[in-house]
Novice: 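Below: one structure in structure tokens.
Hydrogens, waters and symmetry mates play no part in the numbers below; they use all other heavy atoms, side chains included. Lettering follows sequence order; numbering is per chain, from 1.
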Amino acid sequence: MAIVFKKRSILPGFGMTLGFTVSYLCLIVLIPLSATFLKAATLTWPRFWHVISDPRALASYRITFGASLIAALINLVFGLLVAWVLVRYTFPGRRIVDSLVDLPFALPTAVAGIALTAIYSSHGWVGRYLEMIGIKAAYSPLGIVIALTFIGLPFVVRTVQPVLEDLDKDMEEAAASLGANRFQVFSKVILPAIWPAALTGFTMAFARAIGEYGSVVFISGNMPMRTEITPLLIITKLDQYDYAGATAIAVVMLVASFVLLLTINLLQRWSSKAQRAQSSPDSVAPGIHLDPIYVQ
Amino acid sequence: MKKIAIILGLILAFSIQGLAQVTLLNVSYDPTRELYQDYNAAFAKYWKAKTGQDVTIQQSHSGSSKQARAVIDGLQADVVTLALAYDIDAISQNAGLLPADWQKRLPQNSTPYTSTIVFLVRKGNPKKIKDWDDLVRPGVSVITPSPKTSGGARWNYLAAWAYALQQPGGTEAKAQDFVKRLYKNVPVLDSGARGATTTFAQREIGDVLIAWENEAFLSIKELGADKVEMVVPSMSILAEPPVSIVDKVVDKKGTRAVAQAYLEYLYTPEGQEIVARNYYRPRLEAVAKKYASTFPKIKLVTIDEVFGGWQKAQKTHFADGAIFDQIYQPGN
């Protein structure tokens with residue numbers, strides 16, 4: 001094996017860095033996670049199945065994964081928009097807006113939850129008006145989506161932004177000079193370039209939302225069967241000293257998240273491969289540089 | 001030789017220092033924060049005068065069962081002062097850090113102070129809430145945390161159950177129906193007592209908050225009597241938050257004597273005075289008499305007489321799939 005590795009890699013230090021990587025990942029990720037599986041394994045199969053297929057648990061999976069997906073989709077659309085605005089336009093206060101994007105990363109999630117609840121509850125600044133038109137924001141599934149959208153905001157922006165910055169304007173201009181309209185430029189030139197990054201951002205926002213606890217418990221109302229998220233169910237079980245039951249549900253979350261992330265990653269690889277195969281023959285060849293003057 | 005002598009000297013110096021100073025960790029639940037801040041200062045003074053030793057007491061506060069779990073998982077608590085006996089039982093059962101009969105070691109079931117469950121309503125009591133049966137009326141919105149995660153909420157639930165049971169013609173089935181109707185009126189299940197207080201007071205959700213008596217007093221003090229007022233139901237439950245030393249920890253740290261004294265001092269007139277000032281009901285007759293005007297007279301039932309103790313109550317009402325969970329089962 002070692003020989004094969006050596007042949008493959010020209011860079012020095014492969015063995016050492018790989019060794020470090022593996023032991024680091026083991027220590028930080030694999031050992032804690034396998035402890036979860038071990039603890040869950042103390043349950044018998046029928047009991048395990050009973051715990052994870054309880055109607056209340058099923059309802060919590062639905063709300064957790066459903067709300068996370070919706071929130072990640074919202075973040076995908078608006079994250080692209082924010083990234084676009086931040087990269088393509090200069091306006092006063094741009095740097096401030098730029099750093100605002102990172103705030104959801106830094107803010108303790110409980111603070112976010114309390115602040116959002118204060119704003120969206122029926123007496124809050126925004127919630128008051130939503131209530132007038134018959135929308136209940138806080139203490140409803142919508143509240144969960146709001147909190148998850150908030151905490152997932154930076155991911156798409158921060159993954160797309162550098163790609164968008166690096167994107168050669170010449171390509172767009174070339175497309176325009178060849179007669180493409182604005183929509184075609186966006187969908188045929190810009191979108192394929194930023195799509196892998198956007199998908200990565202989406203995946204991260206989605207994964208982050210699935211595990212979120214701190215902000216959601218304040219705004220969701222925690223009603224069983226309706227707005228009870230899976231992480232809360234795990235905490236509830238822990239508070240009853242039901243360690244095995246809690247880890248059983250955790251294992252379900254873990255496996256489901258892993259499968260979802262793997263699928264998205266595969267999808268991403270496949271789409272970028274397909275895109276490369278499709279675009280390489282007829283894309284503007286490197287070296288041929290269109291003079292911007294012609295385009296104007 | 002010289003080196004060894006120096007090292008020995010250092011060790012000796014440190015141990016003398018250690019003798020003159022001791023640190024205790026009191027792991028408690030949420031609403032006792034103010035109480036133990038007062039009490040720790042008083043105890044430190046008392047202990048210094050009695051033994052010449054400086055004692056520093058560290059406090060930790062969170063949800064009662066979360067705290068018990070922290071101790072089970074290795075938090076080095078010298079004493080635990082939690083919301084209900086079930087949580088200290090759990091420390092004994094799951095980690096064996098203290099003997100199973102811990103509750104017999106101090107007077108009055110190891111509960112130096114008690115509290116009860118009362119209502120907090122908006123100023124003027126617009127929904128005319130007087131007693132427990134007003135809480136199940138349609139259109140009344142009730143705020144109480146989830147009894148699955150909050151110790152205080154379990155007392156709330158049991159108080160409601162006891163009320164229904166003690167009505168003329170009250171049966172277990174009627175009580176079950178009563179709490180079911182009550183929880184149908186609960187729009188938000190916060191995970192802890194402080195969270196529920198925030199929902200009621202800051203978010204202005206709900207017509208009535210079921211709360212610890214001492215939390216209700218604190219809320220009125222904080223929010224002002226022009227915003228909320230207290231309603232005392234015709235009967236309630238005697239909430240007994242117990243205390244205990246954690247044997248395995250105090251023996252390891254050598255703090256048994258001071259930890260024991262820390263808890264016993266709670267029962268003295270001085271300790272009881274501090275307890276009463278922080279709106280917990282004192283056990284000592286003399287102090288209770290002095291503060292009689294503070295604490296409203298309520299008929300109180302105990303968990304032992306109505307529910308047969310915490311172990312049984314937990315199993316029948318709050319365990320997974322038990323009566324509380326059934327309220328939220330689809331089709332109910």
Side-chain angles (χ1 to χ4, degrees), chain A residues 35 39 47 50-52 54-60 110 113-125 127-128 131 136-140 143 213-214 216-229 231-246 248-249, chain B residues 62-73 86-87 89-95 141 143 145-151 153-154 183-184 186-192 194-196 198-206 314-315 317-322 324-332:
Chain A
K39 191 83 204 177
R47 179 89 195 112
H50 176 79
V51 170
I52 64 166
D54 178 58
R56 201 163 148 191
L58 294 179
S60 84
I114 291 169
L116 288 172
T117 315
I119 290 170
Y120 286 100
S121 77
S122 50
H123 292 273
W125 292 343
R128 189 179 314 170
E131 189 111 324
K136 199 166 176 288
Y139 311 120
S140 73
Y213 170 76
V216 177
V217 287
F218 289 98
I219 200 168
S220 69
N222 307 328
M223 298 306 285
M225 305 301 297
R226 266 187 0 97
T227 56
E228 186 179 52
I229 54 165
L232 176 68
L233 202 63
I234 295 175
I235 298 274
T236 307
K237 291 210 178 290
L238 284 177
D239 276 353
Q240 297 171 87
Y241 312 105
D242 181 9
Y243 288 68
I249 301 218
Chain B
S62 182
S64 187
S65 48
K66 276 189 186 57
Q67 293 292 69
R69 223 170 59 230
V71 175
I72 291 169
D73 292 341
Y86 182 76
D87 288 327
D89 279 344
I91 300 175
S92 164
Q93 283 161 8
N94 291 339
S141 168
I143 303 297
S146 164
K148 305 280 278 188
T149 46
S150 157
R154 267 172 250 176
Y183 278 91
K184 292 276 181 229
V186 178
V188 180
L189 281 175
D190 282 290
S191 57
R194 280 274 153 105
T198 312
T199 300
F200 180 76
Q202 254 77 27
R203 312 271 166 275
E204 298 179 42
I205 305 240
Q314 180 75 23
K315 217 164 149 191
H317 294 277
F318 309 119
D320 274 348
F324 178 74
D325 277 353
Q326 287 166 20
I327 296 175
Y328 292 98
Q329 219 91 117
N332 255 332

Novice: Identify which part of B:Gln202 has an atom lying under 4.5 Å from any heavy atom of chain A, answering side chain, backbone, both or neither.
Specialist: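 Neither the backbone nor the side chain of B:Gln202 comes within 4.5 Å of chain A.
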Novice: Is there a donor-acceptor contact under 3.5 Å from the side chain of B:Glu204 to the main chain of B:Phe200?
Specialist: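 Such a contact is absent between B:Glu204 side chain and B:Phe200 backbone.
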Novice: How about B:Phe324 and B:Tyr183: are their ring centroids closer than 6.0 Å?
Specialist: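 Judged by ring-centre distance (under 6.0 Å), B:Phe324 and B:Tyr183 do meet the cut-off.
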Novice: Would you mind checking which part of A:Thr117 comes under 4.5 Å of any heavy atom in chain B, side chain (CB onward), backbone (N, CA, C, O), both or neither?
Specialist: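 Both backbone and side chain of A:Thr117 come within 4.5 Å of chain B.
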Novice: Assess the side chains of B:Asp87 and B:Ser64: does a donor N or O sit below 3.5 Å from an acceptor N or O?
Specialist: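 Yes, because at least one side-chain N or O of B:Asp87 sits under 3.5 Å from a partner of the opposite role on B:Ser64.
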Novice: Taking A:Asn222 for its side chain and A:Glu228 for its backbone only, find out whether a donor-acceptor pair lies under 3.5 Å.
Specialist: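 No, A:Asn222 side chain to A:Glu228 backbone: no donor-acceptor pair under 3.5 Å.
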Novice: Can you list the residues that meet the salt bridge (Lys or Arg N to Asp or Glu O under 4.0 Å) rule with B:Arg203, with sequence neighbours excluded?
Specialist: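 Scan of B:Arg203 (salt bridge (Lys or Arg N to Asp or Glu O under 4.0 Å), adjacent residues dropped) gives none.
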Novice: Report which part of B:Asn94 has an atom under 4.5 Å of a heavy atom belonging to chain A: side chain, backbone, both, or neither.
Specialist: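 Just the side chain, heavy atoms under 4.5 Å.
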Novice: Checking A:Ser121 against chain B: side chain, backbone, both or neither under 4.5 Å from a heavy atom?
Specialist: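 Answer is side chain: those atoms of A:Ser121 sit under 4.5 Å from chain B.
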Novice: Taking atom types as modelled and ignoring hydrogens, do the side chains of A:Arg56 and B:Gln329 form a donor-acceptor contact shorter than 3.5 angstrom?
Specialist: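 The criterion, which ignores hydrogens and geometry beyond distance, is not satisfied for B:Gln329 and A:Arg56.
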Novice: Quick one: which of B:Ser150, B:Gly321, B:Ser146, B:Pro187 has the most heavy-atom pairs under 4.5 Å with chain A, could you say?
Specialist: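 The candidate making the most pairs under 4.5 Å is B:Pro187.
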Novice: So does A:Glu131 get a backbone contact from the side chain of A:Lys136, meaning a donor-acceptor N/O pair under 3.5 Å?
Specialist: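 No, the answer is negative, given that no donor and acceptor are paired below the 3.5 Å cut-off.
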Novice: When only pairs under 4.5 Å are counted, which of A:Ala118, A:Pro55, A:Ala59 shares the most heavy-atom pairs with chain B?
Specialist: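 That would be A:Ala118.
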Novice: Side chain, backbone, both or neither: which part of A:Tyr243 has a heavy atom under 4.5 Å from chain B?
Specialist: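 Side chain only.
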Novice: Please classify the contact of B:Thr149 with chain A as side chain, backbone, both or neither, using a heavy-atom distance under 4.5 Å.
Specialist: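 Both parts, backbone and side chain.
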Novice: Go through the atoms of A:Asp242 and report whether side chain, backbone, both or neither lie under 4.5 Å from a heavy atom of chain B.
Specialist: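 Contact with chain B is through the side chain of A:Asp242 alone.
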